[in-house]
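Please read the structure below before turning to the comments.
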Amino acid sequence: MNDSISRRQAVAIGFVALLSPLIRRFPRTMAEQIGRSAYLSVLFAVIPLALMFLLYRWIFSRQKAGTGLADIFCLSFGKGVGRAVCILYALWFSFYAGFLLRSGADRFIITVFHGAGAWIFIISMLLLCLLAALGQVRYLGRSAMIFRPLMAAVLLLITVSGFLSIDLSPLLPVTASDLLPNARGALETANVLAVVFYLAFLGRNIEGKFRCRDYLGWGICLLLILFLITTACIGMFGAHLTGKLTFPFFMLVRDVGALGSLERIEPMVIAIWVFSDFVIISLLLYLAGWLLGFGFGMPNSGKPGRQWLTAAGAAASCVTALFCAKSLAAFRFLSEDLVPLLNAVFVFAIPLICAVTGKVRKKL
Amino acid sequence: MKKLSISILLILSVLLSGCSQRSGIYANYRAIELLEIIQSLGVDSEEDGGVTLSASTGKSESSSAPILLCRHADNLPQAIDTLQDYAPKGELFFAHVQYIVMGRDAAERGIDSLLDFIERDNEMRMGTKFFILRSGTAEALFTASAGGDITETLASVDRDVETRGDSHAYSFREVARSLNEYGAALCGALQAVETEDSVFSEGAAISVIPGGYAILREGRLVGFLGDGEAKAASLLTHRLGVTTYTVSDGASGEIVLEIDDSKVKLKPVWSADGTPGIAVEADVDAVIAQAERRPAEPMDKNHMDFLSHELAQQLTRDILAVLDLSRDLDADFLGLGGVLRRDDAAKFDALGSPFLDRVSFTVRVEARLAHNYDLTDNGKGGDAA
């Protein structure tokens with residue numbers, strides 16, 4: 001059976017998947033690290049994102065349709081090393097999926113279900129995602145096409161309504177001394193948004209040639225939403241309080257209402273993030289299973305062997321989610337240090353090395 | 001396989017829905033018919049360091065009187081638990097609290113613990129309006145208002161001050177933001193009054209009226225702004241609405257002027273040696289609301305100019321009084337530091353802290369009497385005859 005998705009579906013997967021890691025870091029971490037001008041880091045992030053865009057465009061520029069990043073690793077590094085790198089990516093995706101499971105559970109516990117155990121969220125979400133990951137990627141594409149307009153509409157409505165009641169004084173002044181922290185913030189923003197480049201592994205499943213420019217429109221839309229969220233939160237709470245609250249965006253949603261008849265909509269908004277968790281974790285588990293299969297020499301998707309490997313990856317994710325952070329400090333270390341660092345290595349450093357190696361060996 | 005997958009998905013969806021009461025995540029399950037929705041809270045401090053929490057529900061659809069509860073405990077979360085123990089019917093639900101009133105003593109001890117509780121709690125909202133009583137306790141206010149509905153009274157005050165602008169019902173978000181940004185904040189103040197001689201229909205024995213502003217510095221109540229000063233503070237924070245001022249008419253009587261429009265600019269001024277200053281430039285439009293004596297002749301331009309000048313003088317005095325109080329208390333509740341910082345961050349940072357004692361103030365108010373309605377004392381003799 002043909003398991004392929006259109007470019008539009010791939011873009012939808014990217015958009016929906018990004019919202020889960022974004023809300024973990026934005027706008028709290030940026031406000032905490034940068035202060036009142038944190039919203040600028042979103043604008044500055046265009047520069048590193050454009051550079052990454054150019055890197056991936058160059059990597060794929062001379063490849064034929066249906067080529068994925070895994071094929072390019074094998075082409076550039078050689079078959080043996082390329083497959084080993086793919087297995088490394090599979091391990092990272094399993095770990096990252098586990099971390100996102102835990103982070104999604106913590107989001108529920110902190111915002112709505114105070115005092116609940118994380119395991120029930122982790123197990124039920126993992127099983128939901130595993131079912132999706134064992135199936136075909138086109139189902140994920142169709143789901144994302146349904147989720148995307150809903151999530152975009154909710155986000156825009158809330159951020160615009162929050163934006164209308166902001167105070168400008170906590171947002172200004174912006175001085176030259178804000179440039180350096182914002183440059184660092186831009187790298188972090190780009191690092192989070194760069195998760196979308198993992199879709200490059202789906203080259204075999206995306207109809208036509210993998211084209212980065214397909215993602216440009218929705219990428220700009222996402223940056224705009226991120227800019228509005230950050231500005232609205234800092235404008236309403238001030239940078240200090242935004243940096244203190246665990247989920248300032250959901251705190252903002254608590255006060256959003258209409259004419260006194262529609263209030264306390266935050267549980268609905270928080271629940272919508274389950275869609276984002278579902279898409280990104282399913283995608284990561286799917287990729288982990290597929291890359292393990294590729295690494296071990298059974299690249300054809302749909303084989304029972306691949307499904308077992310996906311299940312193994314999911315088991316590793318489950319263990320990671322249940323045991324990765326026993327304390328808040330450990331979770332913060334994972335969320336703010338280790339995961340961003342590993343993500344930067346896998347989404348940027350390794351593809352860069354691959355590009356350089358391919359150029360030197362005249363394979364790309 | 002497909003049917004099995006769909007079945008598993010549906011079962012797992014139910015697990016995430018909250019439709020059961022058995023395990024941990026269903027702590028949030030609540031039957032709506034059993035909820036007692038708290039709309040107003042009163043917070044007082046006690047000598048032993050504990051708190052007294054007063055809670056009032058709104059009126060139900062059957063117009064029965066609101067439920068009122070007051071309990072003392074060591075801290076706010078314990079007080080909420082204790083209130084629940086004494087709740088006569090259902091579960092107390094704090095997600096729709098609209099107003100929190102704090103007694104004067106509690107505010108003098110500090111609002112930090114209350115702010116912290118609201119920031120952490122998953123039911124409370126940062127948009128909840130916050131008032132401080134000029135005197136007395138919230139408990140006394142809540143218990144004395146047992147015949148009426150304290151939430152309706154507070155909502156009425158909220159609407160009134162919004163229209164007149166002689167005070168403002170600040171939310172916790174605004175108070176917290178100002179405290180974080182400037183170390184000081186304004187907060188709506190309430191004056192408890194006996195209704196015995198004023199309200200003759202059935203209702204509460206004690207009510208509240210707007211009481212200007214409370215001034216918070218580093219989370220503690222340090223003073224109040226009343227009447228003219230409160231109006232000046234509203235003018236400086238762009239919140240002055242339609243409000244009245246009484247000025248001398250130049251002869252023996254007084255004239256009540258109604259301000260119906262106002263604009264104000266706070267301009268940073270830096271002297272050559274880096275000394276900061278704030279120049280306040282205000283423009284107000286007013287009309288005559290009432291004259292003690294009807295003038296014999298239609299008011300000429302000179303008389304109108306005189307009244308405008310009187311109004312401008314009074315506003316200038318009030319504005320200067322507010323600015324001086326801010327300096328005396330070293331409480332930047334007007335965000336003057338922000339005005340200076342936005343203009344020149346380097347110069348402002350060089351000032352260090354405290355900076356208010358080095359700021360000079362100049363005030364220029366331009367008042368215009370837009371309309372006098374020209375009601376003369378015609379046909380009743382006197383000079384006009």
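The sequence lines fix the lettering, A, B, ..., with proteins before strands; numbering per chain opens at 1.
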Under a 4.5 Å cut-off applied to non-hydrogen side-chain atoms, are [X] and [Y] in contact?
X: A:Phe237; Y: B:Arg173; answer: yes
X: B:Glu181; Y: A:Arg36; answer: yes
X: A:Ser169; Y: B:Tyr182; answer: yes
X: A:Glu266; Y: B:Arg125; answer: no
X: B:Glu119; Y: A:Leu245; answer: yes
X: B:Met126; Y: A:Arg254; answer: no

With chain A, the option among B:Ser178, B:Ala95, B:Gly338 that has the most non-hydrogen atom pairs under 4.5 Å is B:Ala95
Could you have a look at B:Met124, B:Arg120, B:Arg342 and say which one has the most heavy-atom pairs with chain A under 4.5 angstrom? B:Arg342
Measure [X] against the heavy atoms of chain B and call it side chain, backbone, both or neither at under 4.5 Å.
X: A:Ile110; answer: backbone
X: A:Leu172; answer: both
X: A:Met236; answer: both

If I take atom CG from residue B:Asn122 and atom CD1 from residue A:Ile109, how far apart are they, to the nearest 0.5 angstrom? 12.0 Å
If only atom types and distance count, is the side chain of B:Arg177 paired as donor or acceptor with the main-chain N or O of A:His240 below 3.5 Å? no
Region of [X] in contact with chain A, defined by heavy-atom distances below 4.5 Å:
X: B:Phe172; value: neither
X: B:Asp116; value: neither
X: B:Ile118; value: backbone

To check you understand the geometry: which heavy-atom pair defines the closest contact between B:Ala176 and A:Leu241, and what is its length? CB-CD2, 3.9 Å
When only pairs under 4.5 Å are counted, which of A:Thr175, A:Thr246, A:Asp167 shares the most heavy-atom pairs with chain B? A:Asp167
